[in-house]
Amino acid sequence: MPFAIIPEPALIQERDGFFEYTGLPVIEGDFQNEASVLKEQFAQATQTEAPHSSIFSGTDAARKIICKKDESLGAEAYTLAIGRETIELRAGCGRGAYHGLQSLRQLFLSSEKIPCACIEDEPRFGWRGFMLDASRYFYSVPFIKKLIDALSLHHINVFHWHLTDDQGWRLPVPEYPLLTEIGSKRTDRRFSGAPSRCGFYTEGDIREIVSFASVRHVEVTPEIDFPGHASAILAAYPDLGCTGGPYRVEDRFGIFDDVLCAGNDAIFDLADAVFNTLTRLFPSPYVHIGGDEVRVTRWSQCPKCNKRLAGAGLKEMPELQSWITVKLASMLAEKGKTAIGWDEVLEDSSRYTLPKEIAVMSWRGAEGGKAAVKRGHPVIMSPSTDGCYLDYRNCGDVEEPGQWGVSTARQSYSMNPVAGMSENEAALVMGGQCNLWSELIYAGKIAEYMIFPRIVAFAENMWTPQVRKDFANFAQKLTVHRQRLDMLDIAQYRGRLK
Ligand code: ACM
Ligand code: ZN
């Protein structure tokens, strides 16, 4: 295992000799922004217990990494020519350069001696995502930064930030102060009256995270879940529900009958203010608008929702879901953003043509994604049934933490986002994503244990050309890679890979 780079590069040709170094090589040439991130990461490694940790504390002036812009390379592509005294990195832009430097970072974490080689690399899919549910558990800013840094080590390039749900609203919206004042707090009913971990991210926190991610070429895509999973909104603004309440920020987990009232125009005033905040804080071209698990129990009994249904020329209550999706997506389009929705947004839209731009995140299985590409939508595959739900247990042992089911590293490695699709359909698949729902997470360390190493397997799945993928080889590389994760103080599931 001379390299054990994960994700496996598209091509590695080993050469004679070694690049040996006693500290961080001097980094010259283009891509100095990316180089300074590597310097920061290298310096952080001084605190580790690595056998060769002394090399992290200094510079080796006799060794060089020379970075060159090469416009013949694609946006995320890079090449590395590792010689005895210099490493030449070529990339078309900063994204590719960063990926190349992260592959080197892995090598540096493992050894003070790297075999000479030529490496050529670029990803199979453009969307290599990870979603963190920060509603059910409120993660600290330092934890999120550490996680984004670790994701970027594996060329994961999208951090999908699930900011709202029944159990907590985490985004400050100036026009609606109660969203955070009331909606970010829930009472933990395991105790008599004690609040559970509560809070919201300030604008400063969000800017800090977005900028930290941006220099690591990770795009932060926010999610605001409309019109279901809305208990925290309703607790703050009860007039936005069909019954008027009273409501409370939920402490139980599950799916609830109370959702935003589809007949009340005020829900779009709220959405407009939320979208303005998102547009201000998040440069991502995408906003995830949720759309999952919306019950129509209240809509069916609500005069305003019935009036809306008739006014819009619809017949069945569930059609209001797509009516709302179209409206939210067009509001976003006016602000220059593209909507993403969970695969339910496709349902009950026979009378509605959803704009083709709406991207569909397929989570209940692959079927939603397959149906979406047939209708011309871009798709991100994140099937809970096949390796993408990291809140599921790592294996069948009932003593493992996790909920609902089992999701193995082998599944994360093998899920094929374009299985069963024609070439034209497959061209609409942007890539894939793993999600961590946080109902059973009570600490960032537990989150890490659920995320690693399955996200590592998934990263190779999304990045590496199909012909270069090999689970047995991955599992062997992981024995080396686990030490790197240890050096970064990342908790990981250590059971046998299945
Ligand atoms: C989801 O897991 N409810 C998208
Ligand atoms: Zn209603």
Task: Pair L488-R105, side-chain contact (heavy atoms from CB on, under 4.5 Å): steps then yes or no - done: CA-CA 12 Å; L488 299 173; R105 181 184 175 198; 3.8 Å; yes
Task: side-chain hydrogen bond (donor to acceptor under 3.5 Å, both in side chains) between S382 and Y389, worked out - done: CA-CA 8 Å; S382 188; Y389 268 43; 5.4 Å; no
Open item on the list: Between D30 and Q32, does the side-chain hydrogen bond (donor to acceptor under 3.5 Å, both in side chains) criterion hold? Intermediate values first, please.
Closed with: CA-CA 6 Å; D30 298 321; Q32 283 303 311; over 6 Å; no
- [ ] Quick one: do E88 and K64 satisfy salt bridge (charged side-chain N to carboxylate O under 4.0 Å, His left out)? Show the steps, please.
- [x] CA-CA 8 Å; E88 187 180 284; K64 276 186 188 166; over 6 Å; no
- [ ] Begin from the C-alpha positions of E34 and H217 and carry the test side-chain hydrogen bond (donor to acceptor under 3.5 Å, both in side chains) through to its verdict.
- [x] CA-CA 9 Å; E34 286 71 23; H217 295 279; 2.7 Å; yes
Open item on the list: Before you tell me yes or no, could you show the steps for W342 and H160 under ring pair (Phe, Tyr, Trp, His ring centres under 6.0 Å), namely the whole-Å CA-CA distance, both residues' side-chain angles and the distance that decides it to 0.1 Å?
Closed with: CA-CA 13 Å; W342 297 109; H160 167 177; 5.8 Å; yes
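Judged by distance alone, the side chain of D386 and the main-chain N or O of G365 form no donor-acceptor pair under 3.5 Å. Remark: the backbone N or O of L436 is not paired with any side-chain donor or acceptor of D133 at under 3.5 angstrom. A donor-acceptor pair is defined here as one N or O able to donate and one able to accept, closer than 3.5 Å; no such pair exists between the side chain of Q403 and the backbone of D391.
Within the structure, salt bridge (charged side-chain N to carboxylate O under 4.0 Å, His left out) contacts touching residues 74-83 (residues at least two apart or in different chains) are E76-R95, E76-R128.
Between H481 and H154, some side-chain heavy-atom pair lies under the 4.5 Å cut-off.
The aromatic rings of F275 and F226 sit perpendicular, their planes meeting at an angle over 60°, well past the 30° parallel limit. The aromatic rings of W127 and Y286 sit perpendicular, their planes meeting at an angle over 60°, well past the 30° parallel limit. The aromatic rings of H155 and W463 sit tilted relative to each other, their planes meeting at an angle between 30° and 60°. Using cut-offs of 30° and 60° for the angle between ring planes, the Y201 and F138 rings count as tilted. Ring pair Y137/Y139 is perpendicular by interplanar angle, where above 60° counts as perpendicular and below 30° as parallel. The aromatic rings of Y21 and F42 are tilted relative to each other, their planes meeting at an angle between 30° and 60°.
In this view, K445 and E448 satisfy the side-chain hydrogen bond (donor to acceptor under 3.5 Å, both in side chains) rule, not counting sequence neighbours. Annotation: side-chain hydrogen bond (donor to acceptor under 3.5 Å, both in side chains) contacts of T464 (sequence neighbours excluded): none.
In the displayed structure, E120 atom CD is contacted under 6.0 Å by at most 12 heavy atoms of other residues, nucleotides or ligands.
The side-chain contact (heavy atoms from CB on, under 4.5 Å) with T277 is formed by just one residue from the set V173, L179, D272, I206; it is V173.
Taking the centre and axis of the six-membered ring of F452, the NZ or CZ atom of R454 falls outside the cone set by 45° and 6.0 Å.
Not less than 6.0 angstrom separates the ring centroid of W169 from the ring centroid of H162.
Between the side chains of R393 and S407, no donor N or O sits under 3.5 Å from an acceptor N or O.
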